[in-house]
Protein chains: 2
Amino acid sequence: MKLDILTKTETLDIQKTIISKIRDLINAKNLEPGDKLPSERMLSEKFEVTRSNVREAIQKLEFYGLLKSIPQSGTFVANIGVTAMNGMIEDILRLEEPDFKSLVETRILLELKTARLAALRRTDDDLLKMKEALDAYTEKVLNGEDAVQEDLLFHLAIAKASGNSTMNTFMLIITPEIITNFEKYHVCDKDLAQSGIIEHQSIFDAIKDQKPQLAKQKMKEHFSVLYQYCYNI
Amino acid sequence: MKLDILTKTETLDIQKTIISKIRDLINAKNLEPGDKLPSERMLSEKFEVTRSNVREAIQKLEFYGLLKSIPQSGTFVANIGVTAMNGMIEDILRLEEPDFKSLVETRILLELKTARLAALRRTDDDLLKMKEALDAYTEKVLNGEDAVQEDLLFHLAIAKASGNSTMNTFMLIITPEIITNFEKYHVCDKDLAQSGIIEHQSIFDAIKDQKPQLAKQKMKEHFSVLYQYCYNI
DNA sequence: ATACAAAATCTGGTTAACCAATTACAGTTG
DNA sequence: CAACTGTAATTGGTTAACCAGATTTTGTAT
């Protein structure tokens with residue numbers, strides 16, 4: 001029986017409350033970029049929460065670039081004005097958990113772009129890594145084994161070859177969630193994997209031959225089935 | 001004079017070392033999805049680091065969906081096989097800090113898409129919020145004041161209206177970094193802001209009239225100057 | 001031998017004390 | 001009076017002890 005351990009949702013609610021209180025405080029005190037916030041201890045006392053709670057809230061705002069903590073000195077308002085600060089905190093507070101449709105939509109957007117960029121920028125080393133991932137995938141499928149992981153690694157190899165570190169990071173962020181949802185909705189079939197070999201090969205060839213438009217086109221075809229599927233869930 | 005406080009880079013290096021040791025351990029013990037890792041205390045002893053260090057490393061791997069901590073029970077390998085696990089950890093370890101070019105490239109990709117989606121999906125409430133942001137921006141510019149924040153909030157309002165929570169989150173993540181770099185490289189001029197009024201209005205109208213292709217086109221024109229600029233840095 | 005119950009142990013999470021660097025200020029000196 | 005210096009208070013970060021729930025082990029009765 002649960003007694004006093006807070007659930008993840010409750011913890012998140014506390015965090016959101018603290019964040020909005022920090023926003024109110026910044027507005028009330030008219031703090032501008034570079035100004036110092038009250039210390040963590042004072043905030044925890046003022047808000048009647050633990051210092052850990054305050055720290056987590058600050059770290060979240062730091063992740064979104066709104067605050068900046070400096071050791072043995074204090075926490076400061078980042079170089080963003082109050083207007084943007086208020087707007088962004090509002091957005092952060094209202095952020096929903098990503099739904100499957102939104103994930104797939106974003107993945108396709110990113111993958112079409114990374115395929116195109118990879119065709120333009122891939123190094124020989126990138127090509128080698130992609131070939132390895134492609135071969136591993138092909139072998140698994142031909143053996144009739146599950147190849148979801150190898151599929152995924154081939155796509156991540158393309159993202160890396162795109163030379164865009166931001167898109168690479170974003171792909172890494174959404175990939176595990178995509179996998180989880182794939183398994184939940186049983187998206188991947190064996191016959192899909194079979195046709196996947198040819199499609200992957202086509203994408204690889206286009207990138208190898210440095211044909212950006214073709215690479216994008218082949219990636220689009222690769223996703224066409226998935227796209228339809230996800231819009232019907 | 002610095003004595004024994006570690007810099008942020010050193011802390012990050014320790015974290016990367018721990019992450020790769022966790023990967024080695026998973027491989028050595030052939031841990032599969034659902035299997036339990038040794039406790040944080042054991043790991044900290046085995047790796048000869050503090051438990052805090054181990055916790056941070058685990059939390060990072062949890063962020064990327066590779067591990068899952070359950071209170072009073074243990075840390076478990078997520079539902080991702082060893083192959084994908086190894087590949088993703090390799091990618092995570094090699095992740096670079098995002099460069100400005102990569103940020104702008106990604107922003108443009110996202111904004112073209114969110115503009116299009118917003119034209120398709122915007123609610124009346126979305127439209128109202130966008131109008132408010134647009135008016136605030138216009139007023140500032142006409143008064144000859146700096147309007148970077150209002151500019152940004154208009155774009156974030158579009159991202160929200162796109163109805164895609166993942167893209168919305170990604171926009172929030174890159175926005176502060178974009179601002180910082182804008183200020184560093186002095187990207188925004190006053191005359192840019194002037195022409196920005198007309199461009200923003202065009203984008204807004206297209207979204208209001210639910211013309212996705214036009215919205216995308218107007219957004220593209222809005223970014224054309226920026227695009228050229230950033231590729232010359 | 002088996003089923004069940006109770007206690008000891010182990011777990012991730014939380015908290016409060018502690019750390020060293022910074023900062024503010026009072027005191028001192030020229 | 002100004003510049004400097006040493007000391008005390010303040011800061012975010014770190015650590016070790018603690019918490020309560022989960023797990024395993026042990027003991028007991030059937």
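Since this is a predicted model, take the numbers as computed values, not measurements. Lettering follows sequence order; numbering is per chain, from 1.
Following rounding to the nearest Å, A:Glu45 (CD) and C:dT15 (P) show an atom-to-atom distance of 16 Å. We find that CD1 of B:Ile70 is positioned 10 Å from P of C:dG13, with the value rounded to whole Å. The separation between A:Ile14 atom CD1 and C:dG13 atom C1' is 13 Å, rounded to whole Å. The interatomic distance linking B:Glu40 (CD) with D:dT14 (P) rounds to 16 Å, in whole Å. Atom CG in A:Asn53 sits about 7 Å away from atom P in C:dT15, given to the nearest Å. If you measure from atom CG of B:Leu12 to atom C1' of D:dG13, you get 16 Å, rounded to the nearest angstrom. What separates CE of B:Met42 from P of C:dG12 is a distance of 10 Å, to the nearest Å. Look at CZ on B:Arg55: it is 12 Å from C1' on C:dT15, rounded to the nearest Å.
Under the 6.0 Å cut-off for aromatic ring centres, A:Phe170 and B:Phe170 qualify, their centroids lying closer than that.
Counting any heavy atom pair closer than 4.0 Å across all strands shown, A:Ser73 reaches sugar-phosphate atoms only and no base atom.
Every residue meeting the side chain to side chain donor-acceptor pair (under 3.5 Å) condition with B:Glu40, not counting sequence neighbours, appears here in chain and number order: B:Arg51, B:Arg55.
With the nearest nucleotide of DNA chain D identified for both B:Phe76 and A:Glu62, A:Glu62 has the one nearer the 5' end. Judged by closest nucleotide on DNA chain C, B:Lys36 is the one of B:Lys36 and A:Thr50 placed further toward the 5' end.
Aromatic ring orientation, A:His155 versus A:His222: parallel (interplanar angle below 30°, classes split at 30° and 60°).
Closest approach to the B:Ser39 side chain among D:dG12, C:dT11, D:dA22 is made by C:dT11 (side chain taken as heavy atoms from C-beta onward). Comparing D:dA17, D:dT15, D:dG13 by their closest approach to the side chain of B:Arg51 singles out D:dA17. Among C:dT11, D:dT15, D:dT14, the nucleotide with an atom closest to any side-chain atom of B:Arg41 is C:dT11.
For the pair B:Thr75 and C:dG12, the criterion of a side-chain N or O lying under 4.0 Å from OP1 or OP2 is met.
Looking at B:Phe223 and B:Arg107, their side chains come closer than 4.5 Å, going by heavy atoms from C-beta outward. Under the 4.5 Å side-chain criterion, counting only non-hydrogen atoms from C-beta, A:Leu109 is in contact with B:Met167.
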